[in-house]
Amino acid sequence: KAFGPLGKRADAQRPGGANSSKGINFYSSDGGHGATGCEDYPKEPGAMFISRKDTDASSATLDEMEEMSVHLEQAENTPIVCDAEEEFENEMLRQLTQPGVDQVQQVEAECGADATEHKTEEQIEQWDIAAGPRKEGIDRLTMVVPAVTRIATSLIGGTLAGTGYTVGKLWEKAGVCKAIDSTAFRAGFTSWMWSNGIFPTVEYEPLGSAGPALMQLYGLDGPPDEKNISITPMIVSNHICYLDGVVLASLFGAPKILAKKATREAPVFGRLMEEMDVVFVDRGEKGSRQDSLNAIKGHGTSWQFGSRPLLIFPEGTTTNGEDVIKFKKGAFLAGTPVRPVIIVYTGQWDPCNTNYVAGKGDGEVEKITDVEWGVQFMGHFIHSMHIRVLAPYIPNDQERENPGLFAENCREYMSSALRKLREELRQKSWKEAAGRSFGGVGYRPGDLARIGARKMGAGLASLSCLRPDR
């Protein structure tokens, strides 16, 4: 099958096996029962008019079906005229982006059933390939001690977080503040992060020209505090792994997030998410995508300055963190200011949740699982990361009218900032100072000795330059 727009000619090739790669001409019509634009095209010899009547097995006789089968097996380039009322463009897109069944069967026959799990680097997006440091081979033996230690410290951290929440609930009953906004809860949650080796650092960039713009937009008496995350309705961040949301929620005072409606019933966390004013969406229902977009837009238009912002990862998926990929338009539909945030992981393990990881061979990639991600997480003591909060991005009139343009310009702004930040962190890193060519940019055992050796070598080299020529 392949369908072009109604009344248009679509000369398309569907990827697939030998039988599916031929060019086939298609016309749109109603099979002779009231033409819809087909009269503009010549009636080529052997052209077939197919309608639901012709293909209805309940009304067609055996002879008619056999005759139809003969016609379908004629010349490979037989023009076909079709009056199907399906969504032609969506069907065409599906056919052009999915491999033919014959192609999959051929691969499995030649290379085995698991052949489709192995792809070359050219077949997948670069952002979906993890290339950062991780423990492999015999180095995995060193993951045992961190894993055992993590189990013990997590119990302690969980206890502290639970205690903080309990104290926060008491403050809430006393009318002081909501439990999630209490100092006790935030301290307990931070203790849980530290107990799991998660150590984020955060830096806020100056507001610049966005300060006066926000004053005018929201009628403020003075410029807002650059370290106040609640000065825009939306927070938009690049998305790398499972830790992103947890860390940002802790650092930014539990902003609103979008979550599946089913998570509302989860023990403890469901109640906690309700208190965070989470926007719940039932993704299993028809129209849930539109409900999500409506919820995002509604938050942007009803938001009041200083109230809880909505945290969104507009990339719509996790990447390897080396660049910022194309944004979904949801966060930008309301045309309100957004606060961009950049995340860079700096530890000795790259925690990005991609589907693939760079293999040992040149250009080879391997499938990576959530189980492996969990093993690597448990097998490292420290998960350091740097978070850079950029100046708010305030859309102009054209961007407010065009969410796609708004999204793309904001993405370019964040992409440029990410490249600069990664280079800045590299130049100031332990890795650069120690002269290492492996591992993450954060501290690695032996870096102090490497730095000392480099300085000693540089000193000896300078002394040798002072020796007179003999």
Side-chain angles (χ1 to χ4, degrees), residues 129-150 153 190 193-206 226-227 238 240-241 243-244 247 251 320-323 341-352 357-360 362 376-390 414-470:
I129 304 174
R134 62 192 177 112
K135 290 185 178 180
E136 299 180 286
I138 196 171
D139 284 344
R140 294 174 71 90
L141 295 176
T142 64
M143 299 168 67
V144 176
V145 174
V148 174
T149 305
R150 179 63 44 73
T153 56
T190 301
M193 283 202 309
W194 289 353
S195 69
N196 280 277
I198 305 171
F199 293 95
T201 60
V202 59
E203 184 176 336
Y204 293 81
E205 291 192 349
E226 63 187 34
K227 293 186 178 180
N238 62 324
I240 300 174
C241 70
L243 304 179
D244 300 346
V247 173
L251 293 175
N320 59 15
E322 295 182 2
D323 200 358
V341 172
I342 297 296
I343 301 175
V344 176
Y345 285 87
T346 58
Q348 297 307 313
W349 168 57
D350 181 6
C352 62
V357 63
K360 297 179 180 179
D362 186 21
Q376 292 284 341
F377 174 78
M378 296 292 289
H380 288 78
F381 279 115
I382 304 297
H383 306 293
S384 58
M385 56 190 296
H386 182 89
I387 297 168
R388 183 67 57 87
V389 182
L390 308 180
M414 294 176 63
S415 179
S416 176
L418 175 61
R419 290 191 296 269
K420 293 178 181 177
L421 178 58
R422 289 174 65 90
E423 179 61 20
E424 174 188 325
L425 294 175
R426 185 194 66 79
Q427 292 180 1
K428 297 179 180 179
S429 68
W430 284 95
K431 181 177 182 179
E432 182 72 12
R436 282 190 284 110
S437 60
F438 55 90
V441 297
Y443 176 77
R444 184 182 178 93
D447 278 349
L448 288 175
R450 295 185 186 95
I451 293 173
R454 293 189 77 191
K455 289 184 176 180
M456 183 178 295
L460 293 175
S462 63
L463 288 175
S464 65
C465 292
L466 298 176
R467 293 177 59 188
D469 295 336
R470 294 183 178 178

- Task: Apply side chain to side chain donor-acceptor pair (under 3.5 Å) to Arg422 and list each qualifying residue two or more places apart in sequence or on a separate chain.
- Result: none

Where [X] and [Y] come nearest, the two heavy atoms and their spacing:
X	Y	result
Ile387	Pro200	CD1-CB, 4.2 Å
Leu418	Gly321	CD2-O, 3.6 Å
Gly347	Pro133	O-CG, 4.2 Å
Ile240	Ile343	CD1-O, 3.4 Å
Ser415	Asp323	OG-OD1, 2.6 Å
Ala417	Leu390	CB-CD1, 3.6 Å

Find out whether [X] and [Y] are in side-chain contact, i.e. whether some heavy atom of one side chain is under 4.5 Å from a heavy atom of the other.
X	Y	result
Met385	Pro351	no
Lys135	Gln376	yes
His380	Pro146	no

- Query: How far does CG of Leu425 sit from CZ of Arg388, to the nearest 0.5 angstrom?
  - Reply: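 Rounded to the nearest 0.5 Å, the CG-CZ separation comes out at 6.5 Å.
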
- Atom pair CZ (Phe199) and CE (Met193), whose distance is rounded to the nearest 0.5 Å: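 Going from CZ on Phe199 over to CE on Met193, the span is 9.5 Å.
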
- Task: Dump the intermediate steps for side-chain contact (heavy atoms from CB on, under 4.5 Å) on Tyr345 and Asp244, then the final yes or no.
- Result: CA-CA 10 Å; Tyr345 285 87; Asp244 300 346; 2.6 Å; yes

- Message: Would Met378 and Met143 count as a side-chain contact (heavy atoms from CB on, under 4.5 Å) here? Give the steps.
- Response: CA-CA 7 Å; Met378 296 292 289; Met143 299 168 67; over 6 Å; no

Partners of [X] by salt bridge (Lys or Arg N to Asp or Glu O under 4.0 Å), sequence neighbours excluded?
X	value
Arg426	Glu423, Glu432
Asp350	none
Lys428	Glu424
Arg419	none

- Query: Between Phe377 and His383, how do the two ring planes meet: parallel, tilted or perpendicular, split at 30° and 60°?
  - Reply: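 If you compare the ring of Phe377 with that of His383, the planes turn out parallel.
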
- Sorted by first residue and then second, give each side chain to side chain donor-acceptor pair (under 3.5 Å) pair with at least one member in residues 193-202; sequence neighbours left out.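 Found Ser154-Asn196, Thr201-His386.
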
- Item | Whether over 12 other heavy atoms sit under 6.0 Å from Leu141 CG | yes

- Message: Has Lys227 got a side-chain atom pairing as donor or acceptor with Tyr204's backbone, closer than 3.5 angstrom?
- Response: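 Judged by distance alone, no pair lies under 3.5 Å.
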
